[in-house]
Each structure stands twice: as structure tokens, then as C-alpha cells.
Number of protein chains: 2
Amino acid sequence: MTTLDQSGNLAIGFIMGVTYRKIATLLQKRLKEHDITPEQWSVLHQIDRSEGMIQREIASRTGKDKPTTTRILDHLESKGLVYKQTGLQDRRSFLVYSTERGKELIRETLPIEEGVTEEVKRCLSSEEYALLTEFLLRINEHVTQIIDTNEKE
Amino acid sequence: MTTLDQSGNLAIGFIMGVTYRKIATLLQKRLKEHDITPEQWSVLHQIDRSEGMIQREIASRTGKDKPTTTRILDHLESKGLVYKQTGLQDRRSFLVYSTERGKELIRETLPIEEGVTEEVKRCLSSEEYALLTEFLLRINEHVTQIIDTNEKE
DNA sequence: TTTATATAGTTGTCTATGCAACTATTATTC
DNA sequence: GAATAATAGTTGCATAGACAACTATATAAA
């Protein structure tokens with residue numbers, strides 16, 4: 001059980017981290033018998049919906065950096081869920097596709113992921129859920145901009 | 001830059017994870033010259049505010065599990081920021097205290113952490129911020145309960 | 001009291017992540 | 001056209017985290 005801070009002066013990043021890990025853990029437990037982690041699942045899901053992306057695009061859509069994407073794809077590949085094809089126009093890059101097994105896994109597990117999201121949402125009204133999503137996306141944009149600005153200096 | 005999903009059908013855990021990592025990365029960059037990570041910082045901060053806790057209590061307040069807490073304390077200890085004292089009543093446990101250097105580091109870096117939180121909050125009104133915090137805590141409670149219930153079955 | 005159980009921490013293994021340094025290929029620019 | 005810079009990915013290293021198995025101590029039950 002998490003008691004968390006007590007002081008009422010919780011930094012937003014801190015609560016968000018704790019809450020995120022809780023949700024990820026719940027999803028991980030539910031996905032356990034399918035032998036796939038939540039992060040691998042989100043990457044595979046993206047690929048399933050947009051076959052033939054290059055890794056940079058996958059990284060961008062899933063919010064991961066290049067090394068993390070490389071390694072998650074390695075895991076998915078060794079499980080036989082995706083495969084890479086050398087780019088024709090640009091030989092630096094690879095096009096990534098999901099295998100039949102990968103597609104089947106997504107078909108089987110999509111209800112699990114959706115179920116977890118539903119369960120989580122159950123403690124919020126639909127207005128509250130919409131607000132929460134909006135706030136998170138806004139913060140994401142905002143912090144991305146801060147980091148980018150800092151780097152240019 | 002993060003483009004994220006596109007479909008408008010983003011799972012809440014997914015956006016929360018991406019956003020959390022963004023904030024953590026920003027804080028990490030700001031703390032870099034002080035040679036401490038955001039997670040180590042949050043543990044040290046808790047200790048600084050409540051000297052003499054046992055590890056279980058620290059784990060509970062920072063939302064971390066036992067092994068993670070052990071290892072973060074190891075890092076803090078090897079940096080000379082905290083020390084452990086064997087429990088007197090209960091010899092299984094340790095009481096954890098921050099050193100002078102640990103206290104000084106928190107004095108120096110507290111404005112950094114607060115500054116990052118302020119920067120992040122800048123894209124939300126104070127009402128929105130209060131709502132966001134409330135939603136996150138509510139979800140945290142809710143998911144904790146789901147996991148606990150599942151485990152008892 | 002002796003056996004069983006619960007609790008506090010630690011250690012090992014694996015995944016995910018951030019950062020920096022690296023290779024290979026493509027684009028620029030001189 | 002050759003030198004330079006930018007881009008796509010990979011690899012190494014370190015921290016954080018989830019989970020399971022473990023040690024040691026304390027509590028409960030028999």
C-alpha cells in the first residue's frame with residue numbers, strides 16, 4: 001500500500017510517476033500470461049496499426065528514445081512478433097512490420113488493455129477523464145518545449 | 001519531439017508514462033551538476049523531513065518497492081548523503097538518517113525541484129492543477145485497491 | 001517451548017530508460 | 001567532386017523498477 005507523502009505538498013512529477021507505475025503494473029499482471037510487457041505491447045500495437053514505419057517514427061509515436069526503441073524491437077523480433085525490412089530508398093533505416101503471430105497477439109490482448117483502461121477510468125466521470133487527458137497532453141507539450149528550448153541555448 | 005499516437009484514442013497509462021518521463025528528464029537535467037537523480041532526490045528529501053524512518057516507511061512514502069528502496073539507499077549511502085542505524089527494538093530493521101552533506105544538498109537543490117514544478121504548472125491554472133492532482137491521487141488509490149483485491153483472490 | 005507464520009531487508013535476473021559514443025548512410029556545401 | 005554535417009540505428013554503461021527467492025528476526029499458535 002502506498003501512503004505517499006502526507007504533507008499535501010506533492011510535486012506533480014512525483015505523483016504522476018507513482019500513479020503511472022501503478023497502472024503499468026496492473027497492465028503487466030493482466031498481460032503476464034501472454035508473455036509481453038506493457039511497453040512492448042504499446043510498440044507492437046502501434047506497428048500493427050501502421051505497418052512499415054521506420055524506427056524513428058515508432059519512437060516518436062510511442063514517446064521513446066532511439067536506444068529504447070531499438071531494444072524493444074529486438075525483444076519483439078526475438079519473440080517472432082515483428083520483423084524488419086531494410087529500407088529501399090534509405091539504407092540507413094528499416095521498415096518494421098508485425099508478423100501474423102504479432103497481429104494475433106494484439107487481437108487477443110487488445111480487450112485486456114482496453115479493459116484495464118476502462119477499470120482505471122471507472123473512478124472518474126467522463127468529463128474528468130477528458131480533462132485529465134487534456135492536462136497530461138498539455139503538460140507533455142509544455143515540458144517538451146522547455147527541454148527543446150534549453151537545449152538550443 | 002513527441003508526436004504520440006495521433007488516433008485520439010490514447011490509453012491513460014500510456015500518456016501518463018510519457019508525460020511523467022518528460023518531467024523526470026527535465027528535473028534530471030536540472031539536478032545534473034549536483035550528481036543526484038530525481039528518484040534519489042525524492043528519497044533523500046523524505047528522509048530529510050522525517051529522520052529515523054525505517055526502510056519500509058520510506059518505501060511506502062515514496063511509492064517504491066523494497067528492493068528499489070534498498071538500492072536507492074545504497075546509492076545515497078555510498079555518496080555519503082545518508083546513513084543507517086541498526087534498529088534497537090527490532091533488529092531486522094534500520095533507522096535511516098541524512099548526513100550533514102545530505103541536508104546541505106537538499107537545501108541547495110530544493111529550489112531547483114520547486115522551480116521545475118513551478119515551470120510545469122505554468123501551463124495550467126491553479127484550479128486545473130488542483131484537479132489534476134486530485135485525479136492522480138484518486139486513480140492511485142483506485143488502482144492500488146484493484147491490485148490488492150486481485151491479489152487476495 | 002517448539003513449530004509455524006509474518007515481517008524487514010537483501011540479492012539475482014530481466015526490462016525500460018537516459019546519456020554518450022559509435023557506425024553507416026545520406027545531404028550539404030565549398 | 002571532396003569535405004562536412006546531418007540522420008538512422010546500435011552499443012555500452014548506469015539507474016530504476018518488477019518479481020521471485022532468500023536470510024534473519026520477530027510474532028503467533030499448537
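In what follows, chains are A, B, ... by sequence order, proteins preceding strands, each numbered from 1.
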Check your understanding: So, is A/Q55 near the phosphate of D/dT7, with a side-chain N or O under 4.0 Å from OP1 or OP2?
Key -> no
Review point. Could you give the CG-to-P distance, from A/L26 to D/dA18, as a whole number of Å?
Key: 13 Å
Point to revise | Of A/P38 and A/P67, the one whose closest DNA chain C nucleotide lies more 5' | key: A/P38
Review point. So does B/K29 get a side-chain nitrogen or oxygen closer than 4.0 Å to the phosphate oxygens (OP1/OP2) of C/dC19?
Key: yes
Point to revise | Spacing of B/L31 atom CG relative to C/dC19 atom P, expressed in whole Å | key: 12 Å
Review point. Regarding A/R122 and the six-membered ring of A/Y129, is the cationic atom NZ or CZ under 6.0 Å from the ring centre and inside 45° of its axis?
Key: no
Point to revise | Nearest-angstrom distance from the residue atom CZ of B/R71 to P of C/dC14 | key: 13 Å
Check your understanding: Can you check the A/Q28 CD to D/dC19 C1' distance for me, whole Å?
Key -> 9 Å
Review point. Where is the tightest heavy-atom contact between A/V96 and A/V82, given as atom of each residue plus distance?
Key: CG1-CB, 4.3 Å
Review point. Base, sugar-phosphate alone, or nothing: which one does B/T69 contact when heavy atoms must sit under 4.0 Å apart?
Key: nothing
**Study point:** B/G80 backbone acceptor or donor facing B/T99 side chain under 3.5 Å
**Key:** yes
Check your understanding: Would you say B/K66 reaches D/dC22's phosphate, i.e. side-chain N/O to OP1/OP2 under 4.0 Å?
Key -> no
**Study point:** Under 4.0 angstrom between B/H75 side-chain N/O and D/dA16 OP1 or OP2
**Key:** yes
Practice item. Examine the side chains of B/S93 and B/Q55 and answer whether a donor and an acceptor come within less than 3.5 Å of each other. Key: no
Review point. Whole Å only: how far is the CD1 atom of A/I147 from the C1' atom of C/dG18?
Key: 11 Å
Point to revise | N/O (side chain, A/K22) to phosphate O (OP1/OP2, D/dA18) under 4.0 Å | key: no
Review point. To the nearest Å, how far apart are A/Q40 CD and D/dG17 C1'?
Key: 15 Å
Check your understanding: Is any side-chain nitrogen or oxygen of A/K32 closer than 4.0 Å to OP1 or OP2 of D/dA20?
Key -> yes
Check your understanding: Contact class for A/D90 (heavy atom, under 4.0 Å): base, sugar-phosphate, or nothing?
Key -> sugar-phosphate
Point to revise | Atom CD of A/Q145 with >12 non-hydrogen neighbours under 6.0 angstrom | key: no
Check your understanding: What is the distance from CH2 of B/W41 to C1' of D/dA16, rounded to the nearest Å?
Key -> 18 Å
Exercise for review: Report the distance from atom CG of A/D74 to atom C1' of C/dT17, rounded to the nearest whole Å.
Suggested key: 15 Å
Review point. Within the structure, does a side-chain N or O atom of B/T70 lie under 4.0 Å from either OP1 or OP2 of C/dT10?
Key: yes
Point to revise | Donor-acceptor pair present, B/R92 side chain and C/dT7 base, under 3.5 Å | key: yes
Review point. Do B/K64 and B/T69 have side-chain atoms, one donor and one acceptor, less than 3.5 Å apart?
Key: no
Check your understanding: Would one find a side-chain N or O of A/T37 under 4.0 angstrom from OP1 or OP2 of C/dA16?
Key -> yes
Check your understanding: For C/dA8, does OP1 or OP2 lie under 4.0 Å from any side-chain N or O of B/R56?
Key -> yes
Check your understanding: Does B/R21 have a side-chain nitrogen or oxygen under 4.0 Å from the phosphate oxygens OP1 or OP2 of C/dT17?
Key -> yes
Review point. Side-chain N or O of B/T68 less than 4.0 angstrom from OP1 or OP2 on D/dA16?
Key: no
Practice item. Specify the residue among B/R91 and A/K84 whose closest nucleotide of DNA chain D lies further upstream toward the 5′ end. Key: A/K84
